[in-house]
Amino acid sequence: MASQSEKKPESVFDFTVKDSKGNDIYLSSYKGKVLLIVNVASKCGMTNPNYAELNQLYAKYKDQGLEILAFPCNQFGEEEPGSNDQILDFVCTRFKSEFPIFDKIEVNGENASPLYKFLKSGKWGIFGDDIQWNFAKFLVDKNGQAADRYYPTTSPLTIERDIIKLLEIV
């Protein structure tokens, strides 16, 4: 008989991740919310517009049930080389971001985060299931299922209509 730890995850709410300070965060604490999960980088050409637009979406919809979960990743062009503290300082100081920034992870390969393995298993891109670059985005519904996947070049503001639909805002 399979143990609880071997149980296949059924939603993102089955995962525990580390925050930027190394604390365990149970994603089940986000049940009932719409999530936008993004792999971020501080030194990418897409950093400024993505953080600016993510901040706009968060400010507009956080009180209506949107959470943005940012996962720093250094797998693409080594564009997130700093420590968690440096990343947090950069994001909070430069962009005044209020959404949570988590522990630096890998999104592809053997050491990919289990959360990202789960997300990729549900929504394939045109290049297979690998994340192509920084700022790939997964929109997750209130039940913890990936509802859509967006390429790194997709502007966060263009996702707004999909967010509104999942938030059931009339």
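All figures in this text were calculated on a predicted structure; none of them were measured in a lab.
- Side chains of Glu80 and Ser42: a donor on one and an acceptor on the other come within 3.5 Å.
- Within the model, atoms CD1 of Ile159 and CG of Leu166 stand 11.0 Å from one another, a figure rounded to the nearest 0.5 Å.
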Discussion item. Determine whether Glu67 and Val34 satisfy the following criterion, side-chain contact (heavy atoms from CB on, under 4.5 Å), listing intermediate values before the conclusion.
Written reply: CA-CA 6 Å; Glu67 283 294 337; Val34 171; over 6 Å; no
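- In this structure, Gln75 CD and Asn134 CG are separated by 9.5 Å, a value rounded to the nearest 0.5 Å.
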Practice prompt. Evaluate the criterion side-chain contact (heavy atoms from CB on, under 4.5 Å) for residue pair Leu27 and Leu69; output intermediate values, then yes/no.
Written response: CA-CA 10 Å; Leu27 293 186; Leu69 310 183; 4.1 Å; yes
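- In summary, of the residues considered (Asn108, Val40, Asn39), a side-chain contact (heavy atoms from CB on, under 4.5 Å) with Cys73 occurs for Asn39 alone.
- Taking the six-membered ring where the residue is Trp, Tyr58 and Phe99 present perpendicular rings, their angle passing 60° and hence far from 30°.
- In summary, the side chains of Tyr116 and Glu106 do not present any donor paired with an acceptor at a separation below 3.5 Å, with no hydrogens or angles considered.
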Practice prompt. Apply side-chain contact (heavy atoms from CB on, under 4.5 Å) to Val38 and Leu54, showing your working.
Written response: CA-CA 10 Å; Val38 187; Leu54 290 169; 4.2 Å; yes
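- To the nearest 0.5 Å, the span separating CZ on Phe13 from NZ on Lys142 amounts to 10.5 Å.
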Worksheet item: Run the salt bridge (Lys or Arg N to Asp or Glu O under 4.0 Å) check on Lys21 and Asp103 step by step: do they pass?
Response: CA-CA 7 Å; Lys21 299 292 185 192; Asp103 189 26; over 6 Å; no
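- By the 4.5 Å heavy-atom criterion applied to side chains, Gln132 and Phe76 are not counted as neighbours.
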Fill in: Worked verdict on Phe15 versus Phe118 for ring-ring contact (aromatic ring centres under 6.0 Å, His included)
CA-CA 10 Å; Phe15 291 91; Phe118 174 80; 5.5 Å; yes
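- Side-chain contact between Lys18 and Asp24 is present, with heavy atoms from C-beta onward closer than 4.5 Å.
- Of the inter-residue distances, the one linking Gln64 atom CD with Leu167 atom CG reads 6.5 Å to the nearest 0.5 angstrom.
- Using a 4.5 Å heavy-atom cutoff, the side chains of Phe71 and Leu115 are in contact.
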Worksheet item: What's the verdict on side-chain contact (heavy atoms from CB on, under 4.5 Å) for Gln56 and Glu160, showing C-alpha distance, side-chain angles and the deciding distance?
Response: CA-CA 10 Å; Gln56 288 177 45; Glu160 185 172 13; over 6 Å; no
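- No side-chain heavy atom of Leu35 sits less than 4.5 Å from a side-chain heavy atom of Ile68.
- Taken from NZ in Lys33 to CG in Asp141, the straight-line distance is 14.5 Å, to the nearest 0.5 Å.
- Interatomic distance, Asn143 CG to Ser11 OG, rounded to the nearest 0.5 Å: 8.0 Å.
- Using a 4.5 Å cut-off on side-chain heavy atoms (C-beta onward), Ile101 and Pro72 make contact.
- A 4.5 Å side-chain heavy-atom check between Val12 and Leu119 finds at least one atom pair inside the cut-off.
- In the hydrophobic cluster analysis, where Ile, Leu, Val, Met, Phe, Trp and Tyr join through side-chain heavy atoms closer than 4.5 angstrom, Ile169 is grouped together with Val140.
- Side-chain contact check for Lys137 and Asn50: at least one donor-acceptor pair (N or O, by modelled atom type) lies under 3.5 Å.
- Residues Leu139 and Ile163 have side chains in contact (heavy-atom distance under 4.5 Å, counting atoms from C-beta outward).
- Between Phe135 and Thr154, every side-chain heavy-atom pair lies at or beyond the 4.5 Å cut-off.
- Although no hydrogens or angles enter the test, the distance criterion places a donor-acceptor pair under 3.5 Å between the side chain of Gln145 and the main chain of Glu10.
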